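Working notes, structure below.
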Amino acid sequence: MLDSDPYSIIENEFVKPGKGQAFNRVKMRNLKNGRVVDKTFKSGESIEAADVMETEMQYLYNDGDFWHFMDPDSFDQHAAPVTAVEDSKLWLKEQDTCTVTLWNDSPLSVSPPNFVELKITQTDPGLRGDTASGGSKPATLETGAVVKVPLFIEEGEVLKVDTRTGEYVSRVKD
Amino acid sequence: MTSWQPDAKLTILRQRAEVNNLIRNWFEKRGVLEVETPVLGDAGITDPQIHSYKVEHWYLQTSPEYFMKRLLADGSGDIYQLAKVFRSSESGWRHHHEFTLLEWYRLGWDERALAQEVVDLIQHLAAVKNLKPVMTTYAECLARVDLDLFSARGKDYRNALEQADIELVGECSDKALRELVFTELVQKQFADDHITVVHDYPAEDASLAKINQKDPRVAARFEVFWGSLELANGFHELTDSAEQRSRFIEDNQQRSTDGLKEVEVDENLLAALAAGLPDCAGVALGVDRLLMKKFDLEDIKEVISFRS
C-alpha cells in the first residue's frame, strides 16, 4: 500500500555500499490504474501490506453499472464497477470463469480467460477477390468486441478468440 | 523443489580455483603470510549497517578484520586471508549473504600505497588489457553531480535524486541520502574499462580508518571500483584504542536510534589496539565480484557453486 493505493512488486533491486545504508529500488504496478512506477525505499522500511487476492469467479451478468461475479465455492456474489472491467468487459461472457483480483474483498480488476468462444452478431458477407484487406474483414461479436476474421466466416458462427491479443484463433464447430 | 545441481558452471569454478592460485602466488612472492581466523567469533560488529548471524552465543564473522588485527598486534607482520564471511539481509545480483573476502594488511604503508597494490593485483587477476586506473576523491565524485561534499545537506541530495527521477519514499538521514546519491548517480557513471579508486571518504564514514591529519574533514579510507561495481574497501588503520572505542559506542547509539539491537564491543580487539597495533594499511576485496567482472557475468550466483 502506498498513498492508499495497492501495488504489486514487479522488480526489486537491492542497492548497498559495503559500508552504508541499504536501499531497495522497486518497480511496482498500481493495481488500481495499472501504472508502473519506480520507487526507492530504505531497506527494512515497513510498508502496509495490501489485502489483495486473486480468485477464480464465474461471470453472471451486468446491469450497465456493475458487473456481477460469483465465487463458485461459497456462492458469494461480488459486484465490480466499470473501472475494474475496463480492459476486460468486451471479453466477458456469462458463465465464463474469470480471474478476479479482490482488494479488501471488492473487485479491483478482472482478467478474462485466455481464450473465449463468442458468437458473431454482425459481419459483412465475404467478398471474393478482395485481397486488398489482406483477406480479412471485421466481425462484431455478441459482447460488442470487434475482431478481424477471414473472409469465409459468416454471421452466426462461433469463434475462438485469444483475449490477450484480441485475435481470431479458429471457428468453433457445434 | 529439489535442485541438486550447482549454480555456477564447472568451467567458472575451475577458473575460480586458478584465481585463488594466482592470489596465493602473488602474496607468497611478496612475503605476505597466509592466515586463517575463526568464522565463528565471540564478538559481533557494531556497525549499524552490517548485520551478523548469531549461532548460539557466537557470531558468524562479517569480516576477518578484528582477528587479523589481533595477529598484527602480536607481531605477525604482513598477512592475508581468503575468508568466508557472512552478512545477514544482503541479497541481490551483486550481494550474497555468504561470500569470500580477500583481506590483507601491509605494515608501515599508508592507504595510498595500498590502493596502488590493490589496482596492481586486480589488473594481474583480471588479465584484461586496457583496464585503466583512475584516481579521484569522494569530494571530486560529488562535484560531478554539482554537489559540494562539505556544504551539501539533505535537501541538496534529495534535489539531485529527484532530478534523476529517483523517487525516495520515507525519511532518510543526510548520510544515507549522500550514500544513495553516490551509488546511484556517481558510481553508476564509472566507465566499464576503468578501475576507479576513490580516496578521502568523508570523516563520518571513517569506520576503522584514521582521520586525515592535514584535512580532518576526510578519512584515510578508499574504495576501488571495477566499472561501476564496488570491489574493495581499505583504510590507513586506526591504531588508537580510545578513539576506536568511542566510534563503537557511537555505532551503538545509532543502532538504538535505528531500533536495532546494540552489539557488545569487541574488547579483545580494543585490548590488542591498546597493546599496540603497528602502523599499517588494510583492505578487503570481494573475490566473487572480481570474478563476476572478469568473466563478464551479471549475477553473483554464477560464480558461487551453491547458493543458499
Side-chain angles (χ1 to χ4, degrees), chain A residues 1-56 83-84 86-87 99 101-104 106 108-109 111 114, chain B residues 45 47-51 62-63 85 87 89-96 99 101 161 164-180 182-184 186-188 198 201 204-209 221 223-225 230-235 258-260 284-286 289 300:
Chain A
M1 295 291 303
L2 198 63
D3 303 329
S4 48
D5 277 358
Y7 284 83
S8 74
I9 291 171
I10 304 168
E11 271 174 41
N12 182 1
E13 189 190 2
F14 182 70
V15 177
K16 183 188 187 304
K19 294 180 187 289
Q21 178 67 49
F23 290 93
N24 288 71
R25 305 232 24 215
V26 181
K27 193 182 275 300
M28 49 205 252
R29 176 179 286 114
N30 183 317
L31 294 175
K32 274 169 80 176
N33 59 28
R35 269 188 222 121
V36 174
V37 295
D38 289 297
K39 303 270 182 187
T40 301
F41 299 88
K42 248 189 332 184
S43 298
E45 191 102 29
S46 48
I47 306 289
E48 189 193 341
D51 177 17
V52 170
M53 60 180 283
E54 281 191 348
T55 152
E56 302 280 292
T83 51
E86 205 61 68
D87 301 328
T99 305
T101 304
L102 294 173
W103 173 40
N104 295 333
S106 58
L108 187 65
S109 68
S111 309
N114 290 343
Chain B
I45 182 165
D47 188 322
Q49 305 298 348
I50 298 181
H51 310 293
T62 57
S63 143
V85 296
R87 295 184 187 182
S89 323
E90 297 195 7
S91 154
W93 62 267
R94 68 206 135 186
H95 291 88
H96 189 50
F99 61 103
L101 274 184
L161 291 166
D165 283 327
I166 295 176
E167 230 183 291
L168 182 64
V169 180
E171 290 304 303
C172 243
S173 68
D174 288 7
K175 175 169 150 62
L177 287 167
R178 167 170 56 71
E179 286 164 353
L180 187 62
F182 190 91
T183 48
E184 293 297 295
V186 176
Q187 187 180 327
K188 279 196 175 159
V198 180
Y201 269 62
E204 64 174 338
D205 294 358
S207 190
L208 291 92
R221 171 178 168 194
E223 291 222 4
V224 183
F225 302 81
E230 179 192 16
L231 282 192
N233 175 70
F235 303 137
D258 296 348
L260 297 169
L285 182 152
R289 287 189 181 174
I300 196 164

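Order of the sequence lines fixes the chain letters, A, B, ..., with proteins taken first and strands second; residue numbering starts at 1 for each chain. All values reported here derive from a predicted model rather than from experimental measurement.
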Open item on the list: Under a 3.5 Å distance rule, please check whether B:R289 uses its side chain to pair with a backbone N or O of B:R94 as donor and acceptor.
Closed with: yes
Task: B:F235 six-ring centre to B:R221 NZ/CZ under 6.0 Å and within 45° of normal - done: no
Open item on the list: Rounded at 0.5 Å granularity, tell me how far CZ in A:R29 sits from OH in A:Y7.
Closed with: 12.0 Å
Task: Contact class of B:E171 relative to chain A, heavy atoms under 4.5 angstrom - done: backbone
Task: Neighbourhood of chain B inside residues 41-55 of chain A, taking heavy atoms under 4.5 Å as contact - done: A:F41, A:K42, A:E45
TODO: Classify the angle between the aromatic ring planes of A:F14 and B:H95 as parallel (below 30°), tilted (30 to 60°) or perpendicular (above 60°).
DONE: perpendicular
Open item on the list: Consider side chain to side chain contact (heavy atoms under 4.5 Å, CB included). Of A:D3, A:L2, A:T40, which one does B:V169 pass it with?
Closed with: A:L2
- [ ] Ignoring hydrogens and angles, tell me if any N or O in the side chain of A:R25 forms a donor-acceptor pair with the backbone of A:E13 under 3.5 Å.
- [x] no
Task: chain A contact via B:L180 - which portion, at a heavy-atom distance below 4.5 Å - done: both
TODO: Indicate yes or no: at least one non-hydrogen side-chain atom of B:I300 is less than 4.5 angstrom from one of B:W93.
DONE: no
- [ ] Go through B:E223, B:K175, B:E184, B:R87 and name the one with the most non-hydrogen pairs under 4.5 angstrom from chain A.
- [x] B:E184
Open item on the list: Please classify the contact between B:R178 and chain A as side chain, backbone, both or neither, with a heavy-atom cut-off of under 4.5 Å.
Closed with: neither
Open item on the list: Main chain of A:G20, side chain of A:K16: is a donor-acceptor contact present, judged purely on distance under 3.5 Å?
Closed with: yes
TODO: Look at B:A284, B:C172, B:G259 and state which one has the largest set of heavy-atom pairs under 4.5 Å with chain A.
DONE: B:C172
